[in-house]
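Side chains included, hydrogens not; waters and symmetry mates left out as well; all remaining heavy atoms used. Per chain, numbering begins at 1; letters A, B, ... match sequence-line order.
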2 protein chains.
Amino acid sequence: MSGIEDVATLAGVSKATVSRALSGRGYVSAETRTRVSAAAATLGYVVSSSASSLVTGRTNNVGVIIPEINQWFFGSIIEGVERALLDRGYDLMLYNTTKTVEERSRVFEYFLVRKRVDAVIAVTLEITAPEAERLLSLGKPIAGIGGPLVGIPTLSIDDIEAARLATEHLLLLGHRDIVHVGGDIDEQMDFHVHSKRLRGYREALEAAGIRYDSDSHVATPFDIPGGYRVGKQLLGDPRRRPTAVFAACDEVGIGVILAARELGLSVPEDLSVIGIDDHPLSEMFGLTSIGQRPDLQGEQAVDWVIRQLEEPGWTPPSKHTFVPARLVIRSSTAPPRR
Amino acid sequence: MSGIEDVATLAGVSKATVSRALSGRGYVSAETRTRVSAAAATLGYVVSSSASSLVTGRTNNVGVIIPEINQWFFGSIIEGVERALLDRGYDLMLYNTTKTVEERSRVFEYFLVRKRVDAVIAVTLEITAPEAERLLSLGKPIAGIGGPLVGIPTLSIDDIEAARLATEHLLLLGHRDIVHVGGDIDEQMDFHVHSKRLRGYREALEAAGIRYDSDSHVATPFDIPGGYRVGKQLLGDPRRRPTAVFAACDEVGIGVILAARELGLSVPEDLSVIGIDDHPLSEMFGLTSIGQRPDLQGEQAVDWVIRQLEEPGWTPPSKHTFVPARLVIRSSTAPPRR
DNA sequence: TTCCCGTGTGCAAACGCTTCCAGAATCCTA
DNA sequence: TAGGATTCTGGAAGCGTTTGCACACGGGAA
């Protein structure tokens, strides 16, 4: 394992020059630079990141806190973040933590406590103002996916708007009897995604002059089996069956479609279904959806923190950023059967 | 940001004693230890990992190379690895890289080149002997999920055996006309998982005295749409329709089930389907499967590398380890109709 | 009593870089 | 031609820890 000293002697220069030549900082003549690079190459030299971190105070690591991995939304974010980080020469330290409050604060302390990351990207993690303050005061940029969050740049789709869009699509097709299959409102984490989507749905309904009652909304876990179970229940009774379902995410929507099929209903003739996400499976099921791109959200968050690190004076948007979500019409929605 | 010096003066001892008290190495009287801890706590002191890495040569990071994130198998591995690593006080550096040869070697160089990780866990990455040699000679333990791989401890289910088990289950039920829907044999990476599963299937068939011909096997991507497309094609022609399908993974199996339903066939009456994985969705579809636990595989790999790091003299198994895979019977398999 | 060993502590030397500073050489401008 | 600005290089001082070594102290064995 050769050090900078070896490279220096081989190239016939000082350690200082090697450092400058290799890092590209400061003046080095072209000739010297090539000689140093050659020496480094023959020795297989590579700088010790601990040593340089020690003096520069930079680790070139970015920490990512994420509550799930095995879900399309979160997995895609990680992919986007990873790609963007590696492109810029940073490494990704992954912290998978559940959403319970204790766990959350433990992880948070963990981050504050470590001198191991230059920045933090928090996915679906409600960081309180004092916590953010503390992190920021340590000079560590932080960005959030989900939000809004005070004092921290955050981004997400506009959940209310997306839900409204989805509901309006159904309304426009002529549906009046639309059930929303969403998440559990009592889950307080997650930036109230569930209640926001419910709200967008209600607002669209009310704008169309349709009464909303508590039967119009049913909660279930955000996965295919969750949608399936609710679908079975909801569609089982013919006299209470809606003509359309707005599912709070595509997995749930797919579950509902499967339940409908199993009950002998055809989609969209007997039932229209719309979801949110544009999940990779949605195309196969013909599921109409409000699409979003979690991978791009991850890239955006990376961009924010890295620019703060590298461009002195640059500051990220001070308010929450809404990323686009667009309607993708497929074959699961149609006018209600006369 | 207070350093060890501050703690030392506050506690009225030397830096050396602080270091020993906090790290638990060397002799420190109980009284001193508590005084130091108190001082550290009031100052909010935390050791600089770069500084201690510089002297100890340890980073407390483990690198994980993985080709995918957004797939159940890989996501579960990451979850298991992350959990095990955090429990032991290590951080996880994630490298998501595709399986193409150039990418692979690039990442590999990347790892060799960095002095940032203490160990490497390679998931589904065929590391060549010289590469392994190099990593090992740097004193960095390495473990692989997938394999076998010479010179590196690896683990995986026994793919041949799993495929045989699945096929035998169908044979035992009385099926003689079984098609294997697997992966593309020409994909050379992945430790030949595809060809191993094909082989287990063939061997079971041959042992039962059933002729295998090239029609018996069809390749498709390892996901639900892949299984669905093949299913549609395969089951479309009634006179060439098998009585059972052995899918190389559950996603494919689920796709086949969906295709069958859509063609009006009922499972298992008209068609039996079995997969491999015991995917979370399989229960909902009643899919019989050969189950495996990627999360535990991840934990096992972590155990190997960490023990090598922490227990001098300990060596991991020198041969490939097969982890258990067990038959989970659900409702997608039954004797063939009449 | 003497000697040795197990404890407890501090000093100072690394660990492998980056960067400030100073000095030398070269170049441009007046 | 003088003088300042620019480019290039090396020496040396850290960065914040860990750890080898030396030393002091006490208790038990001989």
Enquirer: Which is the 5'-most and which the 3'-most nucleotide of DNA chain D that has an atom under 4.0 Å from a heavy atom of chain A?
Expert: D:dT7 to D:dT17
Enquirer: Under 3.5 Å, side chain of B:Arg35 to main-chain N/O of B:Val13, donor-acceptor pair present?
Expert: no
Enquirer: Which residues, if any, of residues 48-62 of chain A bring a heavy atom under 4.0 Å of DNA chain D?
Expert: A:Leu54, A:Val55
Enquirer: Does the A:Asp91 side chain pair with the main chain of A:Asn61, one donor and one acceptor, at a distance under 3.5 Å?
Expert: no
Enquirer: So, B:Glu82 side chain and A:Asn96 main chain: donor-acceptor pair closer than 3.5 Å or not?
Expert: yes
Enquirer: From C:dC17, C:dT19, C:dT9, pick the nucleotide closest to the side chain of A:Ala16?
Expert: C:dT19
Enquirer: Atom OH of A:Tyr27 to atom C1' of C:dG23: distance rounded to whole Å?
Expert: 16 Å
Enquirer: Provide, to the nearest angstrom, the distance between the CZ atom belonging to B:Arg35 and the P atom belonging to C:dG8.
Expert: 13 Å
Enquirer: Of B:Ile69, B:Val123, B:Asp295, which is the lone residue that meets side-chain contact (heavy atoms from CB on, under 4.5 Å) with B:Ile78?
Expert: B:Ile69
Enquirer: Identify whether any heavy atom of B:Arg25 sits under 4.0 Å from a base atom; if not, whether one sits that close to sugar-phosphate; answer base, sugar-phosphate or nothing.
Expert: sugar-phosphate
Enquirer: In whole angstroms, how far is the P atom of C:dT18 from the CG atom of A:Leu22?
Expert: 8 Å
Enquirer: Determine whether a donor-acceptor pair (N or O, by modelled atom type, separation under 3.5 Å) exists between the side chain of B:Ser76 and the backbone of B:Trp72.
Expert: yes
Enquirer: Could you tell me whether the side chain of B:Arg33 has a donor or acceptor atom within less than 3.5 Å of a complementary atom in the base of C:dG8?
Expert: no
Enquirer: Hey, could you give me the OG1/CG distance between A:Thr97 and B:Leu86, rounded to the nearest 0.5 Å?
Expert: 8.5 Å
Enquirer: Do the side-chain N and O atoms of B:Ser14 and B:Thr17 include a donor-acceptor pair separated by under 3.5 angstrom?
Expert: yes
Enquirer: Using modelled atom types and a 3.5 Å cut-off, is there a donor and acceptor pairing between side-chain atoms of B:Lys140 and backbone atoms of B:Val117?
Expert: yes
Enquirer: For C:dT9, does OP1 or OP2 lie under 4.0 Å from any side-chain N or O of B:Ser14?
Expert: no
Enquirer: Side chain of A:Arg20: nearest nucleotide among C:dC21, C:dT18, C:dG8?
Expert: C:dC21
Enquirer: Measure the distance from CG on A:Asp6 to P on C:dC15 and round it to the nearest whole Å.
Expert: 12 Å
Enquirer: Return the value, rounded to whole Å, for the distance between atom CD of B:Glu31 and atom C1' of C:dT7.
Expert: 14 Å
Enquirer: Within the distance-only criterion (no hydrogens, no angle test), does the side chain of A:Ser37 pair as donor or acceptor with the backbone N or O of A:Arg33 below 3.5 angstrom?
Expert: yes
